[in-house]
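Here the structure is laid out as structure tokens; the discussion comes afterwards.
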Amino acid sequence: MSDHQNPVSVPVSVPGCPYSVIIGRGLLADIGTRLSLSPHTQRAAVVASGVPATRYAPVVVEALRSSGLDAELVEVPDGEEAKTLATVEHCYERFAGMALGRDDVVVAVGGGVVGDMAGFAAASWHRGVALVQVPTTLLAQVDSSVGGKTGVNLPSGKNLVGAFHQPKAVVIDLDTLGTLPERDRVAGLGEVAKYGFISDPEVLRILEEAPDDAIAAGPGVVDDLVVRGIRVKAAVVSADEKEAGERALLNYGHTVGHAIEAVGGYARYRHGEAVAIGMVFAARLSEALGSASPGLADRTERVLQGLGLPTGGVTATREELWQYMRRDKKARKGVRFVVCSTPGNARLVEQPPEQLIDKLLDSLR
């Protein structure tokens with residue numbers, strides 16, 4: 001599907017700042033030749049944490065140096081708890097120390113946390129410098145690296161401080177998935193499955209027929225799944241950059257999923273695991289509202305369980321879940337939900353009756 005010689009390039013046609021997502025294998029060692037940066041770019045700050053900081057970021061730093069840039073590694077603390085303004089300030093200090101200028105570039109190497117946080121640092125340094133996303137987790141590859149959402153968490157909620165800041169390029173080297181723990185690969189497949197429900201039903205067929213290959217993330221099946229997911233996300237983001245309408249469909253399963261994640265202190269569930277449970281809720285809601293014919297919820301559970309994702313077992317009370325759902329950034333009058341009629345077709349609905357939501361939340365126990 002994609003390899004070192006023939007990577008796949010998916011255009012993201014955001015008005016005013018179009019860019020490409022390059023997907024392949026073995027792309028990091030010559031990443032400098034794949035970027036269209038300003039001729040005035042002299043320096044690159046390569047932001048990374050944890051395993052990517054020791055395994056992949058040094059390869060990126062060397063490749064950028066080989067292409068003539070003065071590149072430095074900016075290592076930040078690992079984990080969701082480090083996605084804070086304090087970490088961004090640490091980046092600013094390092095940027096200042098290396099004299100990172102307006103024409104220079106920030107390169108984020110790692111998962112969604114580093115991509116979001118380094119992206120926000122890039123968006124706000126000198127009022128916005130170039131950003132390149134190099135996602136190394138499946139979740140970041142198919143979701144957070146594309147679309148320009150950047151931000152950090154506050155004690156009162158996730159991603160409350162941030163900015164839309166589109167990257168100049170996204171470079172996805174699928175070989176990085178080989179070092180990812182299996183639980184993280186499986187969690188990423190929760191986000192992959194979402195694309196099957198909202199836009200591309202072929203994704204679900206692949207996940208049903210080859211779950212083990214998808215989990216293993218070797219060459220083949222996962223390459224196809226990532227390209228398909230990126231094509232959906234690119235189309236949606238191109239049509240609705242700032243989440244005024246269609247982009248909200250990307251939140252299928254996320255309203256309840258984010259609440260489950262938050263109640264668990266972002267420790268009990270990975271993001272993709274919480275979203276999986278949220279998609280079970282969304283499918284049951286779709287059926288209960290008459291939007292979907294019976295069978296969607298059963299198929300949802302079957303696909304997710306086949307991948308080893310959770311589909312229930314929630315211990316949070318409905319009151320705890322409501323507390324977070326009402327705080328959701330996308331809530332307007334009441335809490336909006338994305339429902340699915342058939343795989344590939346989704347739409348947004350205003351808040352259904354609370355009693356129905358309560359009943360369906362209870363069904364997730």
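This chain uses plain numbering: 1 for the first residue, then up along the sequence.
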Report task. Could you tell me whether a side-chain N or O of S49 sits under 3.5 Å from a main-chain N or O of D78, the two making a donor and an acceptor? Result -> no
Query raised in the report: Quick check: does any side chain N or O of K168 sit under 3.5 Å from a backbone N or O of A130, one acting as donor and the other as acceptor?
Result: no
**Report entry** R228 side chain near D224 side chain, heavy-atom distance below 4.5 Å
**Finding:** yes
Query raised in the report: So, for L138 and R185, which heavy atoms are closest and what is the spacing to 0.1 Å?
Result: CD2-O, 3.4 Å
Query raised in the report: Short question: side chain of E93, backbone of H90 - any donor-acceptor pair under 3.5 Å?
Result: no
**Report entry** Trace of the side chain to side chain donor-acceptor pair (under 3.5 Å) decision for R284 with S363
**Finding:** CA-CA 9 Å; R284 290 175 183 166; S363 77; 2.9 Å; yes
Query raised in the report: Quick one: does P7's side chain get under 4.5 Å of L27's, heavy atoms only?
Result: yes
Query raised in the report: Within the side chain of E287, is there an N or O that forms a donor-acceptor pair under 3.5 Å with the backbone of G295?
Result: yes
Query raised in the report: What are the two closest non-hydrogen atoms of P135 and V171, and how far apart are they?
Result: CD-O, 3.4 Å
Query raised in the report: Hey, does S67 have a side-chain heavy atom less than 4.5 Å from the side chain of T33?
Result: no
**Report entry** 4.5 Å side-chain heavy-atom contact, L64 and L35
**Finding:** yes
Query raised in the report: Have S199 and R231 got a donor and an acceptor in their side chains that come within less than 3.5 Å?
Result: no
Query raised in the report: How many angstroms lie between atom CG of D103 and atom NE2 of H126, to the nearest 0.5 angstrom?
Result: 9.5 Å
Query raised in the report: Of all heavy-atom pairs between L131 and G119, which one has the smallest distance, and what is that distance?
Result: CD2-CA, 3.7 Å
Query raised in the report: Distance-only, no hydrogens or angles: does the K149 side chain make a donor-acceptor pair with backbone N or O of A163 under 3.5 Å?
Result: no
Query raised in the report: Hey, does the side chain of T300 reach the backbone of A283 with a donor-acceptor pair shorter than 3.5 angstrom?
Result: no
Query raised in the report: In terms of the angle between their ring planes, are F281 and F337 parallel, tilted or perpendicular, with boundaries placed at 30° and 60°?
Result: tilted
Report task. Drop me the distance from T179's OG1 to L177's CG, to the nearest 0.5 angstrom. Result -> 8.0 Å
Query raised in the report: With respect to V314, which candidate in L361, D362, V256, I277 satisfies the side-chain contact (heavy atoms from CB on, under 4.5 Å) definition?
Result: I277
Query raised in the report: Any idea which heavy atoms bring P343 and L204 closest together, and the distance?
Result: CB-CD1, 3.7 Å
Report task. Decide yes or no on side-chain contact (heavy atoms from CB on, under 4.5 Å) for E320 and T317, but give the supporting numbers first. Result -> CA-CA 5 Å; E320 288 174 314; T317 66; 3.2 Å; yes
Report task. Apply side chain to side chain donor-acceptor pair (under 3.5 Å) to the pair K83 and N159, showing each step before the final yes or no. Result -> CA-CA 9 Å; K83 191 174 152 182; N159 297 323; 2.7 Å; yes
Requested in this report: Using only heavy-atom distances, determine whether the side chains of E191 and H254 contain a donor-acceptor pair under 3.5 Å.
Outcome: yes
Query raised in the report: Is the closest side-chain heavy-atom distance between D104 and Q42 below 4.5 Å?
Result: yes
Query - Name of the residue among D223, T176, N6 meeting side-chain hydrogen bond (donor to acceptor under 3.5 Å, both in side chains) with R25 - result: D223
Query raised in the report: I172 versus L174: any side-chain heavy-atom pair under 4.5 Å?
Result: yes
Report summary line: Between V47 and M117, the two heavy atoms sitting closest are CG1-CE, 4.3 Å
Query raised in the report: Are side-chain heavy atoms of V338 and T255 found at a separation under 4.5 Å?
Result: no
Query raised in the report: Nearest heavy-atom pair of Y56 and D175: which atoms, and what distance?
Result: OH-O, 4.2 Å
Report task. Return yes if a side-chain donor-acceptor contact under 3.5 Å exists between S36 and Y19, otherwise no. Result -> no
Query raised in the report: Do the side chain of R127 and the main chain of R102 share a donor and acceptor less than 3.5 angstrom apart?
Result: no
Query - Check: I22 main-chain N/O paired with S20 side-chain donor or acceptor under 3.5 Å - result: no
Query raised in the report: Do D70 side-chain atoms and R43 backbone N/O form a donor-acceptor pair below 3.5 Å?
Result: no
**Report entry** S286 (side chain) donor-acceptor with A282 (main chain) under 3.5 angstrom
**Finding:** yes
